[in-house]
Amino acid sequence: MANRVVSVNPHVYAPETTTTIMRDVIIALCPAVVASVLFFGVRSLLVEAVCVIVAVLCEWGFEKICKRPVTIGDLSAVVTGLLLALNLPVTIPLWQAAFGALVAIVVVKQLFGGIGMNFANPAITARIVMLVAFGANMTHWAPAAFSGAPADAVTAATPLSIIAGINGVSAGTNTVADLPSLLDMFLGARGGSLGETSCLALLLGGVYLIARKVITWHTPVAFIGTVLVLTALLGQQPLYQVMAGGLFIGAFFMATDYTTSPPTPAGKLIFGVGCGLITVCIRVWGNYPEGVSFSILLMNILNPYICQWTRTKPFGGVKA
Amino acid sequence: MFKGKLHGVHPPHMKNTAGNRPTRMPVPPMITVPMSMNIGAPAKPVVKPGDEVKVGQLIAEAGGFMSAPIYSGVSGKVKRLDEILSSNGRFDTAIVIESDGLQTEYEGLEKPVITDQKSFVDAVRACGVIGLGGAGFPTSVKLNVDPDRVHHIIINGAECEPYITSDTRTMIDNASRIINGAQLLQKYYTADNIIIGIEDNKPECITIMKEAGRGVPGFEVAELPALYPQGGEKVLIYNTTGEIVPEGKLPIDVGCIVINCTTLAVIAKYIETGMPLVEKVITVDGSAVANPQNLIVPVGTPIKDVLDYVGLKAEPRKVLYGGPMMGISVPNLDAPVMKNTNAILAFAEKEAADPTPTACIRCGRCVAHCPFHLMPLEIERAYNERDGAALKALKVNLCMECGCCSYGCPARRPLVQINKLAKGVLNKYNAELKEAEEKKKAKEAARKEAGVNG
């Protein structure tokens with residue numbers, strides 16, 4: 001007689017697994033990858049490939065060395081690598097991109113215990129490390145195709161650095177006339193990181209994730225909504241502010257990272273509003289033209305507290 | 001106060017046997033009737049090896065207030081009293097009866113005489129019925145309450161577990177019995193209304209019950225969304241009446257009695273005919289079963305005989321009492337169909353294999369799915385730390401082990417199992433707390449006394 005399986009209920013499971021969720025995130029990032037090639041050329045693919053391959057290799061290698069189960073099959077390293085690449089300028093030296101992927105996987109993720117254990121978003125943190133380490137390369141923005149920049153131009157200002165110049169926060173000679181049109185902003189024909197420029201592509205991916213119930217609307221709506229309202233109140237061209245920088249990719253893909261953000265709707269709203277607040281503060285009053293990465297990292301640090309504050313109220317529970 | 005919706009999940013319905021009218025399986029050559037089929041005290045055998053018994057004859061009497069008598073489902077001869085290993089891991093006494101195949105009815109069967117609530121409760125007790133939805137709570141205990149406290153009588157026709165259609169068939173085939181039972185309840189309890197809750201994936205049951213209940217004052221059919229677990233007692237009460245059963249309280253504390261539709265039909269049958277609970281309608285299904293169907297079998301029929309009768313198309317690698325969300329897996333196919341068994345499911349290798357858990361990614365699906373808004377991901381953390389205080393704050397004691405959290409977990413964490421274990425940690429913590437409290441009190445009392453004397 002064959003051995004019979006005896007286990008605690010339930011005995012059926014929903015089809016979603018960690019791998020299918022990560023696969024959905026990769027699918028949702030595809031429009032942004034296409035946009036990156038369209039606007040910044042085929043070198044985009046090279047940067048993306050380097051980040052993904054190095055991320056997966058680092059995960060595999062670290063787990064082998066530590067004799068932990070190898071988890072590259074869950075595709076989370078692919079997602080981290082891809083997200084990092086989409087947050088880099090197209091001109092980034094490949095060894096620096098590889099270094100970023102290594103920091104994301106080894107330092108931020110694996111040293112804290114691997115998937116589910118890291119307190120900060122690996123791609124965001126690695127990007128910030130690179131911004132500090134390779135400042136010049138990380139803020140060297142090649143002009144996007146179709147953006148109307150002169151064909152021989154090698155650098156372009158991002159809309160946020162233009163706004164910062166107008167505000168007098170940073171040195172710059174740009175004027176409002178140098179700002180790209182709102183349509184260009186939406187489609188992505190502007191200076192910026194590989195995957196952050198096309199709001200259309202990111203919106204497509206975000207809607208896909210919400211439709212597939214991988215993420216909920218709470219964080220992106222709270223994040224983008226807060227930036228929209230605050231910049232409008234501060235007279236800071238709200239539509240530009242919302243579509244500029246890394247807000248869309250941050251709100252849909254990075255602030256919604258499961259491990260580093262709260263699991264409850266109330267927590268997600270607080271998290272999103274917090275990200276929006278910090279982003280606006282940095283953009284308007286800070287030294288950096290962009291604040292999405294910092295805002296998410298800071299909220300990652302607050303995440304355990306938000307989780308504590310926003311615990312659900314059990315049905316029928318009586319206070320002791 | 002709690003506001004809002006109770007959550008749940010949508011497992012595939014798999015109600016393959018809903019259109020299948022139950023048929024009587026040939027009498028098994030031998031039945032094994034366990035004494036512990038109900039919550040509470042086991043029944044006490046009143047027969048000995050060699051005794052002749054007939055269908056409906058008492059073979060074991062209630063072993064206390066929280067217990068129920070047991071009657072033979074076959075005619076034949078008592079072979080022996082056996083010690084069997086039951087599915088909860090405990091040893092249990094069982095009466096083994098060899099069937100003569102004749103199914104002769106016991107000549108002493110008598111319709112109960114009912115004049116008031118007390119005699120009604122006595123009849124329910126004599127009938128041997130327990131919560132047939134699966135819980136196995138002695139029904140007479142549930143009904144033994146001050147009738148004035150009852151505001152709502154809720155009949156559970158939700159049958160939210162995948163595969164199982166035995167309650168569905170009761171509603172389709174025995175609607176009049178359910179209504180008769182409902183009218184009896186109405187006669188002896190002063191309830192404002194009698195609500196039968198049925199999920200909207202059973203439109204035939206809804207139509208039939210509406211038709212059968214026409215003209216019965218206070219009777220209503222509540223159409224519930226097919227969102228598992230509608231049939232959970234507290235879920236059903238909230239979704240039909242809006243009442244919330246608080247922690248540590250019973251449905252009657254909020255004026256509700258919940259009774260499964262098949263339980264009610266069995267009571268009505270006993271009152272009409274004098275035949276107590278001796279047989280069950282069970283759904284036999286699952287990927288290893290060749291011909292899924294509904295069967296009527298005597299209580300005590302070995303699972304093996306049931307599976308042999310319906311035919312297998314694959315090796316049954318996992319066999320369940322009940323549905324896939326809350327069912328109990330059975331290691332040994334000699335195990336019998338019990339009073340509260342409503343399905344036997346047999347799964348082939350593919351469905352039987354236990355998934356391999358991976359790391360929790362804190363996606364929060366377990367929180368989003370928990371009907372009672374618990375936080376299984378935090379409970380797991382607290383359990384890993386054996387943190388009784390945290391488990392108390394997280395209210396793991398409220399968990400009804402419905403399986404929604406594990407069902408939806410993409411990392412396949414064994415969350416129900418962890419909740420069960422966490423309840424043990426919490427109980428230990430509460431006991432220690434109580435002990436410390438008592439010690440403190442004793443110390444204080446001693447000090448007071450010393451103070452008075454000094």
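Chain letters run A, B, ... following the sequence lines, proteins first, then strands; residues in each count from 1. For clarity, every value in this text was computed on a predicted model and none was experimentally measured.
Looking only at heavy-atom pairs under 4.5 Å with chain B, the residue among A:T19, A:T259, A:N9 that has the most is A:N9. Chain A forms the most heavy-atom pairs under 4.5 Å with one residue out of B:V319, B:L415, B:L320, B:V245, and that residue is B:L320. Contact tally against chain A (heavy-atom pairs below 4.5 Å) for B:E401, B:R362, B:K420: the top residue is B:R362. When B:E378, B:M326, B:H10 are compared by the number of non-hydrogen pairs under 4.5 Å with chain A, B:M326 comes out ahead. In terms of non-hydrogen atom pairs under 4.5 Å with chain A, the most contact-rich of B:A368, B:G408, B:C405, B:P355 is B:P355. The residue among A:V6, A:D257, A:T256 with the most heavy atom pairs within less than 4.5 Å of chain B is A:V6. Counting heavy-atom pairs under 4.5 Å between each of B:Y407, B:F372, B:F347 and chain A puts B:Y407 at the top. When each of A:G317, A:P314, A:G116 is checked for heavy-atom pairs under 4.5 Å with chain B, A:P314 comes out on top. Note: B:G327 leads B:G327, B:A411, B:A352, B:C360 in heavy-atom pairs under 4.5 Å with chain A.
A donor-acceptor contact under 3.5 angstrom links the side chains of A:Y258 and B:R365, judged on distance only. Between the side chains of B:Q230 and B:N239, at least one donor N or O lies within less than 3.5 Å of an accepting N or O. In this model, no donor atom of one side chain and acceptor atom of the other lie less than 3.5 Å apart for A:T18 and A:D74. In summary, the side chains of A:R127 and A:S293 do present a donor paired with an acceptor at a separation below 3.5 Å, with no hydrogens or angles considered. Between A:K109 and A:S76, the side chains place a donor N or O and an acceptor N or O closer than 3.5 Å (distance only, hydrogens not considered). A donor and an acceptor atom, one from each side chain of B:K423 and B:N397, are nowhere located under 3.5 Å apart.
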**Q.** B:E247 vs B:K234, salt bridge (charged side-chain N to carboxylate O under 4.0 Å, His left out): CA-CA, chis, key distance, verdict
**A.** CA-CA 11 Å; B:E247 203 174 345; B:K234 290 180 183 180; over 6 Å; no

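With a 4.5 angstrom heavy-atom cutoff, B:T358 touches chain A only via side-chain atoms. Looking at B:P246, both its backbone and its side chain come within 4.5 Å of chain A, counting heavy atoms on both sides. Residue B:V9: no heavy atom, backbone or side chain, is found under 4.5 Å from chain A. Contact of B:L6 with chain A is made through the side chain alone, with heavy-atom distances under 4.5 Å. Of the atoms belonging to B:C363, heavy atoms from both backbone and side chain fall under 4.5 Å from chain A. The contact between B:C402 and chain A is made entirely by backbone atoms, counting heavy-atom distances below 4.5 Å. Both the backbone and the side chain of A:I115 come within contact range of chain B, with heavy atoms under 4.5 Å apart. Looking at B:K249, neither its backbone nor its side chain comes within 4.5 Å of chain A, counting heavy atoms on both sides. When heavy atoms are compared at a cutoff of 4.5 Å, B:L374 approaches chain A by way of both its backbone and its side chain. Within the 4.5 angstrom heavy-atom criterion, only side-chain atoms of A:T264, from C-beta onward, approach chain B. Looking at B:V367, the atoms closer than 4.5 Å to chain A (heavy atoms on both sides) all sit in the side chain, from C-beta outward. Residue contact with chain A, scored on non-hydrogen atoms closer than 4.5 Å, is absent for B:L345.
No donor-acceptor pair under 3.5 Å is formed between the side chain of B:Y228 and the backbone N or O of B:M325. No donor-acceptor pair under 3.5 Å is formed between the side chain of A:T260 and the backbone N or O of A:N300. For the pair B:S329 (side chain) and A:S7 (backbone), a donor-acceptor distance under 3.5 Å is present.
One finds no salt bridge joining A:E16 and A:R23 here, because no Lys/Arg side-chain nitrogen approaches an Asp/Glu carboxylate oxygen to under 4.0 Å. Salt-bridge annotation for B:K318 and B:E351: absent, with no side-chain N of the basic residue lying under 4.0 Å from a carboxylate O of the acidic one. By the 4.0 Å N-to-carboxylate-O rule, A:K64 lies too far from A:E59 to be salt-bridged with it.
Residues of residues 201-219 of chain A lying under 4.5 angstrom from chain B, judged on non-hydrogen atoms, are A:K213, A:V214 by number.
Residue A:T226 holds its OG1 atom at 9.5 Å from CG of A:L247, rounded to the nearest 0.5 Å.
Between A:F315 and B:Y238, the ring-plane angle classifies as perpendicular under the 30° and 60° cut-offs.
Contact annotation: the side chain of B:P162 never approaches that of B:P12 to less than 4.5 Å [non-hydrogen atoms, C-beta and beyond].
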